[in-house]
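To start, the structure under review is shown below, and the notes come after it.
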Amino acid sequence: MKCAGRHYLVHEGRLYRIADERPRFSFAEKLGDPRRRGEFLRLFRDSSEELITLGGDVMAVAVPIDPH
């Protein structure tokens, strides 16, 4: 859904803001190679940001929204 120029997504019962300021990327490109996967996923280890699929091979960075 889109609101006030931002994109939001409900995934597994949680609300996320799609980080439009971050580029979208290919799952196969970033996570398909096991050697590169670990390096890429470490970028999110201590972050509140998460990776979410937008369908097919397209992934995006998403920020969880606290409903309270």
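The shown structure was predicted, so the numbers you read here are calculated from the model rather than taken from an experiment.
Looking at heavy atoms from C-beta onward, I65 lies out of side-chain contact with Y16 at the 4.5 angstrom threshold. D20 has its side chain within reach of H7: a pair of non-hydrogen atoms, C-beta onward, lies under 4.5 Å apart. Between V63 and I18 there is no side-chain heavy-atom pair separated by less than 4.5 Å.
Separating the CG atom in L15 from the CG atom in L9 is a distance of 8.0 Å, to the nearest 0.5 Å.
Counting non-hydrogen atoms of other residues, nucleotides and ligands closer than 6.0 Å to CZ of R37 gives a total above 12.
In this view, R17 and E21 satisfy the side-chain hydrogen bond (donor to acceptor under 3.5 Å, both in side chains) rule, not counting sequence neighbours. Scored by the side-chain hydrogen bond (donor to acceptor under 3.5 Å, both in side chains) test, T53 finds no partners at all (sequence neighbours excluded).
By the 4.0 Å N-to-carboxylate-O rule, R36 lies too far from E29 to be salt-bridged with it.
When every heavy atom of S48 is checked against every heavy atom of P64, the shortest pair comes out as O-CD, 3.0 Å.
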* Step by step, work out the side chain to side chain contact (heavy atoms under 4.5 Å, CB included) result for L54 and R24. => CA-CA 9 Å; L54 298 179; R24 292 185 173 44; 3.1 Å; yes
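L51 and V58 are members of different hydrophobic clusters when ILVMFWY side chains are connected at heavy-atom separations under 4.5 Å.
For the salt bridge (Lys or Arg N to Asp or Glu O under 4.0 Å) with E50, the qualifying choice from R14, R45, R22 is R14, the only one to do so.
Side-chain N or O atoms of D57 include one that pairs as donor or acceptor with a backbone N or O of F27 at under 3.5 Å.
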